[in-house]
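The figures here come from the full heavy-atom set of this structure, side chains too, leaving out hydrogens, waters and symmetry mates.
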Amino acid sequence: MNGTTSDRAADATGVRGPGRREKAGTARRAMARYWYAWVMVAPVVLVTGLLIGWPLARGVYLSLTDATEATMGRTIGVNVIPSTYEFVGLENYVSILGSGLFWEKLIWTVVWTVACVGLHYGLGLGLAMLLNRKLRFRSTYRLLLILPWAIPGFVAAFIWRYLYNSDYGVINAMLKAAGFGAVGWLDDPTTAKIAVIAVNVWMGVPFMMVAVLGGLQSIPGELYEAAEMDGATPWQRFRHITVPGLRTVSSTVVLLGTIWTFNMFPVIFLITRGGPGSSTEILVTYAYREAFTSIRNYSGSAAWGVIILLLLVVLALVYRRALRRQGEVW
């Protein structure tokens with residue numbers, strides 16, 4: 001005979017019964033051997049699924065509907081008003097991607113992210129190289145430079161909003177004392193953009209500095225000594241020893257910094273509220289505005305959020321592929 005029905009089905013799918021049994025046996029052995037690890041990880045996976053997975057799935061679903069404040073179900077006293085929103089497919093995405101507003105916000109968000117991350121890394125690298133040398137009061141300098149990172153974001157935003165105040169701000173007071181005129185930092189689109197970039201750089205440089213400093217201290221000092229004995233200049237030592245030695249750390253912190261800055265809500269919202277007008281509004285603050293101001297457009301806000309997520313996922317995948325081409329494992 002040509003075999004049983006199950007054998008023929010296995011042949012058709014390309015998977016033999018023993019192969020499946022072998023895989024199942026391997027899974028059972030792994031479970032039996034590492035059961036303690038699975039038990040310890042299970043609560044974390046469950047909590048993560050509840051806190052992240054369910055809201056994410058709910059947001060994706062809402063982005064495919066026409067849900068607004070008027071069509072969402074709610075309870076008023078003893079009266080229960082059912083939801084009346086409907087499934088509309090990709091209509092929200094087509095509307096967003098076809099509007100000039102999205103591309104305007106995307107361009108500014110990219111400029112904001114590139115400027116902030118570039119300054120974060122450049123200044124962080126410079127400060128880390130200074131602190132990696134033998135200096136008097138080096139520990140004090142490290143403590144002072146790391147303070148901006150220790151201050152909560154909303155506290156720092158309120159402090160800087162006061163510093164930028166046109167009438168009573170410390171910055172304008174210093175300019176007046178130096179003989180210059182006052183500047184309406186948050187009243188003009190250009191100065192407002194410069195202001196929020198400066199605040200975010202001030203908050204983000206300490207993280208880069210600490211991460212890069214750790215990378216610098218992991219580079220063997222013998223490499224620098226050998227290069228110096230061979231007559232290498234400081235620039236050559238930096239180019240051929242420091243930069244390659246920091247590649248792994250740099251690739252990680254730049255990616256993290258890009259994701260954090262792309263979604264940096266507190267600085268924009270608390271300092272400028274997206275203004276003047278909407279000139280400093282990035283994608284994430286506009287998504288917030290859609291959901292929580294005026295007529296609350298929950299479906300539109302959810303669609304903006306999904307688009308932001310997809311942009312960051314694509315960015316991470318492209319970045320990872322670029323690192324693999326350079327021989328980095330990430």
Side-chain angles (χ1 to χ4, degrees), residues 107 109-151 153 156 160 193-264 267 311-330:
I107 291 173
T109 303
V110 171
V111 172
W112 151 266
T113 303
V114 171
C116 289
V117 175
L119 290 171
H120 284 165
Y121 186 77
L123 294 175
L125 175 61
L127 291 173
M129 293 184 67
L130 287 175
L131 294 178
N132 196 41
R133 300 185 177 189
K134 293 181 179 179
L135 298 172
R136 293 184 62 187
F137 309 113
R138 184 169 60 176
S139 299
T140 303
Y141 296 148
R142 289 181 180 179
L143 178 62
L144 292 175
L145 288 171
I146 207 173
L147 278 179
W149 190 28
I151 298 175
W160 277 96
K193 290 178 179 179
I194 294 174
V196 292
I197 289 175
V199 174
N200 196 55
V201 169
W202 180 81
M203 293 172 58
V205 163
F207 168 75
M208 289 289 184
M209 180 191 70
V210 171
V212 174
L213 181 59
L216 287 173
Q217 292 178 345
S218 67
I219 300 175
E222 294 80 3
L223 296 178
Y224 291 101
E225 295 174 1
E228 189 173 1
M229 291 180 61
D230 290 338
T233 64
W235 168 249
Q236 290 173 330
R237 295 197 296 270
F238 173 78
R239 179 181 176 184
H240 297 290
I241 299 177
T242 304
V243 172
L246 291 176
R247 185 172 293 137
T248 302
V249 173
S250 299
S251 60
T252 303
V253 296
V254 167
L255 179 61
L256 290 175
T258 299
I259 294 173
W260 292 339
T261 305
F262 200 89
N263 288 323
M264 180 53 69
V267 171
L311 287 173
L312 290 175
V313 169
V314 170
L315 171 65
L317 291 176
V318 172
Y319 191 71
R320 181 171 180 267
R321 177 169 294 183
L323 292 179
R324 282 182 174 273
R325 289 179 178 175
Q326 297 176 5
E328 295 289 335
V329 179
W330 182 83

Inset, instruction - With rounding to the nearest 0.5 Å, note down the distance linking OH in Y319 to OG1 in T258. - result: 7.0 Å
Inset, instruction - Output the distance between atom CG (L255) and atom OG (S250), rounded to the nearest 0.5 Å. - result: 12.5 Å
Inset, instruction - Might you point out which heavy atoms bring M203 and V267 nearest each other, and give the distance in Å? - result: SD-CG2, 3.7 Å
Legend entry - Side chain to side chain, V196 and W112, heavy atoms closer than 4.5 Å: yes
Legend entry - Test item: H120 side-chain N/O and N200 main-chain N/O as donor-acceptor pair under 3.5 Å: yes
Legend entry - Closest heavy-atom pair and its distance - V205, L119: CG2-O, 4.2 Å
Inset, instruction - Please report the shortest heavy-atom distance between M209 and I146, naming the atom on each side. - result: CE-N, 4.5 Å
Legend entry - Counterpart residues, side chain to side chain contact (heavy atoms under 4.5 Å, CB included), relative to P148 (two or more places apart): W202, P206
Legend entry - Shortest non-hydrogen contact from I197 toward A115: CD1-CB, 4.1 Å
Tell me which donor-acceptor pairs under 3.5 Å the side chains of residues 234-246 have, and how far apart each pair is, sequence neighbours excluded?
{"residue": "Q236", "atom": "OE1", "partner": "T233", "partner atom": "N", "Å": "2.9"}
{"residue": "Q236", "atom": "OE1", "partner": "T233", "partner atom": "OG1", "Å": "3.4"}
{"residue": "R237", "atom": "NH1", "partner": "A232", "partner atom": "O", "Å": "2.8"}
{"residue": "T242", "atom": "OG1", "partner": "Y224", "partner atom": "OH", "Å": "2.7"}

Legend entry - Nearest heavy atoms of T261 and T113, plus distance in Å: CG2-CA, 3.8 Å
Inset, instruction - First locate atom CG of L213, then atom CG of L127, and finally report the distance between them rounded to the nearest 0.5 Å. - result: 10.0 Å
Inset, instruction - Report the C-alpha distance between W260 and V117 in whole Å, list the side-chain angles of each, state the deciding distance to 0.1 Å, and finish with yes or no for side chain to side chain contact (heavy atoms under 4.5 Å, CB included). - result: CA-CA 10 Å; W260 292 339; V117 175; over 6 Å; no
Legend entry - Within-4.5 Å side-chain heavy-atom neighbours: L315 and F262: no
Inset, instruction - Compare all side-chain heavy atoms of L145 with those of L131 and state whether any distance is below 4.5 angstrom. - result: yes
Legend entry - For N132 against Q217, the heavy-atom pair lying closest together: OD1-CG, 3.4 Å
